[in-house]
Protein chains: 2
Amino acid sequence: MITIKEIAKMANVSSTTVSRVLNNSGYVSDPVRQRILNVIKETGYVPSEHAKSLRTKKTKVIGVVLPRMGTETSSRLINGMSEELAKHEYQILLANTNLEREKEIVYLRLLKSRQVDGIVLLATNINEELLSEIKQLNIPFVAVGQDIPGVSTVVNDDYHAAKEIIKLFVEKGHSKIAFIGVDESDRSVGYLRKQGYLDAMEDYKLPVEKEWVQKGIFNIESGYEAMKRIMEKSFIAPTAVFAVTDRLAVGAMRYLKENGYSIPQEMALVGIGASELSMYVTPSLTTIDFLYERAGKEVASLILQQISGKDTGQKKIQLNYRLLVRDSI
Amino acid sequence: MITIKEIAKMANVSSTTVSRVLNNSGYVSDPVRQRILNVIKETGYVPSEHAKSLRTKKTKVIGVVLPRMGTETSSRLINGMSEELAKHEYQILLANTNLEREKEIVYLRLLKSRQVDGIVLLATNINEELLSEIKQLNIPFVAVGQDIPGVSTVVNDDYHAAKEIIKLFVEKGHSKIAFIGVDESDRSVGYLRKQGYLDAMEDYKLPVEKEWVQKGIFNIESGYEAMKRIMEKSFIAPTAVFAVTDRLAVGAMRYLKENGYSIPQEMALVGIGASELSMYVTPSLTTIDFLYERAGKEVASLILQQISGKDTGQKKIQLNYRLLVRDSI
DNA sequence: CTGAAAGCGCTTACAG
DNA sequence: CTGAAAGCGCTTACAG
């Protein structure tokens with residue numbers, strides 16, 4: 001590794017001066033600047049960011065803790081973020097927990113030890129330990145996807161999105177509406193979407209049979225199983241199903257098709273997520289698009305604000321959604 | 001930021017000793033070690049990786065330059081990589097070019113300036129400038145997806161995968177086989193897959209009508225258009241189509257369905273990629289699964305080997321694929 | 001078993 | 001307009 005000192009020697013100046021041309025700070029005469037620039041080009045010298053960070057206390061890196069790569073949600077979010085961050089010459093240091101919950105805390109610490117300028121957490125759930133870790137982190141921080149008390153967050157409006165779906169069903173004439181959810185320890189997807197469903201049903205004074213409310217995990221197969229339970233166990237068969245994710249909905253759809261139910265005539269179906277899949281299954285799935293790229297940009301702006309110290313305290317941003325009405329209803 | 005010095009003072013020892021317990025190196029008496037450990041826990045002290053890197057010249061970070069987040073390919077690759085890297089406590093510093101080609105070089109330099117221990121490039125194409133940049137990078141480096149001369153690479157066996165598909169068609173009794181490709185400046189997807197098609201056709205002494213060979217870009221819409229051109233312009237209609245990506249195949253499928261062709265009876269269809277989509281379109285798409293998670297792990301191992309100096313020079317790894325025969329053929 | 005000191009590669013007052 | 005020197009937070013010979 002070539003250093004600033006060597007460049008200085010080669011250009012017959014002090015490292016101070018080299019530093020000045022590197023950072024465009026202070027005065028440097030034109031001939032000297034040219035000389036230095038030439039040496040830099042010839043040698044292909046790149047200054048060490050570590051030494052720089054050590055002095056300046058800035059790294060231009062944002063740490064991102066995420067549960068899993070490759071879900072459309074995280075991909076879209078990260079795309080949005082990295083686009084916005086790139087404008088300000090920030091980069092992303094990834095910490096992929098691969099759904100191992102304990103790793104969240106480990107990685108938060110690791111990122112801090114790397115002196116990242118800020119941390120973004122794509123949160124799937126919240127627990128006491130995580131919360132207290134976040135508190136004592138004491139660096140710019142934004143949580144996405146879950147509303148964590150005391151910190152800035154960007155969340156979807158899960159509750160109203162769910163209500164909107166029930167409203168759509170009712171407008172289409174449905175009154176027997178089943179529900180496929182996930183565990184409520186996931187506050188956004190599990191709890192809030194379910195609450196939206198239950199509250200909307202109550203608003204419309206519609207009964208909810210116990211068997212209509214089933215739970216899966218985040219994959220297609222469990223949607224299939226949940227739908228199966230609904231159809232096999234219900235005393236009164238529903239005419240519509242709201243699944244809290246597209247994958248669950250697609251699983252439900254597969255069960256229905258395999259068993260000869262026509263969609264949407266015999267059973268209407270709605271998911272959430274606007275996954276690519278939802279558009280290409282047959283019939284195409286009615287779903288809700290949360291604007292994740294947009295969310296990513298918001299997150300980037302938030303954290304950048306905190307870093308620059310312009311932040312006026314804790315912010316809660318709730319993003320809009322779009323209802324995509326397609327053939328499954 | 002609390003530093004090692006302050007810890008030392010609080011524990012009434014020198015920073016040397018603190019460093020020793022931090023790194024489990026050298027001798028430290030048990031009582032002293034306990035005292036230091038306690039102070040560290042109380043204060044929540046985390047050592048600065050920058051200062052560390054500056055001294056040790058190691059960062060435990062691998063830079064990854066990728067064209068776009070969120071394609072299944074890159075997601076699966078990164079998942080594979082990050083899993084393997086995590087085992088060795090390495091992290092990933094992301095540089096997302098968002099398909100802007102000039103950024104590749106910019107990011108390679110940036111990553112180097114961040115003293116990453118190695119760089120992985122998910123390459124979409126190669127040009128002279130990029131090549132010479134890679135040459136003078138002079139740090140552990142692995143390219144994925146394109147065979148770049150002079151460096152270690154992990155690539156799919158695009159050529160034989162394409163041949164395999166034609167073989168499958170022939171076995172099913174087809175002889176009039178059309179092709180939807182992409183621009184040949186993409187050596188793997190564009191050139192090699194096309195070459196595989198052409199060579200296989202020649203091997204079987206099958207004619208290739210000029211109109212049967214069409215080109216799209218990497219999206220569904222262009223597959224639709226390409227299929228349309230094939231059907232409208234061909235003097236002799238094909239009975240089978242090989243599209244070089246699943247998205248192109250899905251587009252082609254949509255055109256065929258809209259225009260009343262039954263699949264696979266009137267037209268057989270095969271893609272490449274094993275995208276989630278391919279499984280859930282109707283009919284399900286026959287495709288080739290390149291083992292991307294596996295590729296990610298291989299890449300991680302390769303770069304780790306280079307870093308540890310155990311590398312025995314340039315390596316070329318060609319990954320296996322699986323043919324997934326489904327309903328579209 | 002423990003510590004003083006040098007040094008990693010930068011930046012930044014300060015002095016001239 | 002330019003440079004000498006201190007210092008960022010660590011680690012590591014070296015000495016005791």
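Reckoned from all heavy atoms, side chains included, excluding hydrogens, waters and symmetry mates. This structure is a prediction, so every number in the text was calculated from the model and none was measured. In the text below, chain A, chain B and the rest are named by the order of the sequence lines, each starting its count at 1.
- The side chain of B/Ser14 has C/dG3 as its nearest neighbour among D/dA4, C/dG3, D/dT11.
- Comparing B/Ser48 and B/Arg20 by the nucleotide of DNA chain D that holds the closest heavy atom to each, the one mapping nearer the 5' end is B/Ser48.
- Rounded to whole angstrom, the span from the CD atom of A/Glu6 across to the P atom of C/dC8 amounts to 10 Å.
- You'll find the side chain of A/Val64 stays beyond 4.5 Å of the side chain of B/Leu94, heavy atoms only.
- Across all strands shown, B/Thr3 has heavy atoms under 4.0 Å from sugar-phosphate atoms exclusively, and none from any base.
- In this entry the distance linking CG of B/Asn24 with C1' of D/dT12 reads 16 Å, nearest Å.
- Crowding of B/Lys87 atom NZ: a count of heavy atoms from other residues, nucleotides or ligands under 6.0 Å exceeding 12.
- Residue B/Ala51 has its side chain nearest to D/dG9 when only D/dG9, C/dT11, D/dT11 are considered.
- Protein atom NZ of B/Lys60 is 14 Å distant from nucleotide atom P of D/dT11, rounded to whole Å.
- For the pair A/Ile4 and B/Asn12, nearest-nucleotide mapping onto DNA chain C gives the more 5' position to B/Asn12.
- Comparing atom distances between the A/Ser19 side chain and each of C/dT2, D/dT2, C/dT11 picks out C/dT11 as nearest.
- For the pair B/Ser29 and C/dC1, the criterion of a side-chain N or O lying under 4.0 Å from OP1 or OP2 is not met.
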- Step by step, work out the side chain to side chain contact (heavy atoms under 4.5 Å, CB included) result for A/Asn96 and A/Lys103. CA-CA 9 Å; A/Asn96 182 353; A/Lys103 282 204 177 169; over 6 Å; no

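- Residues B/Val28 and B/Leu54 both approach DNA chain C. Their nearest nucleotides, taken by heavy-atom distance, put B/Val28 toward the 5′ side.
- At D/dT11, none of the side-chain N or O atoms of B/Lys57 fall inside 4.0 Å of OP1 or OP2 (strictly under the cut-off).
- With respect to the salt-bridge test (charged N to carboxylate O, under 4.0 angstrom), the residues A/Lys60 and A/Glu49 do not qualify.
- Nucleotide D/dA13 forms no Watson-Crick or G-U wobble pair with any nucleotide shown, as no partner meets the under 3.5 Å limit on both distances.
- The environment of A/Arg294 atom CZ is sparse: at most 12 non-hydrogen atoms of other residues, nucleotides or ligands sit within 6.0 angstrom.
- In this entry the distance linking CZ of A/Arg114 with P of D/dG9 reads 18 Å, nearest Å.
- Here the P atom of nucleotide C/dC10 and the CD1 atom of A/Ile40 are 10 Å apart, to the nearest Å.
- Taking only distance into account, the side chain of A/Arg55 never meets the base of D/dG9 through a donor-acceptor pair shorter than 3.5 Å.
- For B/Thr16 and A/Thr16, each mapped to the nucleotide of DNA chain D holding its nearest heavy atom, the one lying further toward the 5' end belongs to A/Thr16.
- One interatomic measurement links the two molecules: CD1 of A/Ile36 to C1' of D/dG3, which rounds to 12 Å at whole-angstrom precision.
- B/Lys5 comes within contact range of no nucleotide atom at all, as no heavy-atom separation falls under 4.0 Å.
- With distances taken from any side-chain atom of B/Tyr45 to the nucleotides D/dT2, D/dC10, C/dC1, the minimum falls on D/dC10.
- What separates CD of B/Glu49 from C1' of D/dT11 is a distance of 13 Å, to the nearest Å.
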- Task: Would you please test B/Asp186 and B/Gln146 for side-chain hydrogen bond (donor to acceptor under 3.5 Å, both in side chains) and show each step?
- Result: CA-CA 8 Å; B/Asp186 182 324; B/Gln146 303 278 341; 3.1 Å; yes

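- When the C1' atom of D/dG9 is taken as reference, atom CD1 of B/Ile7 falls 12 Å away, rounded to whole Å.
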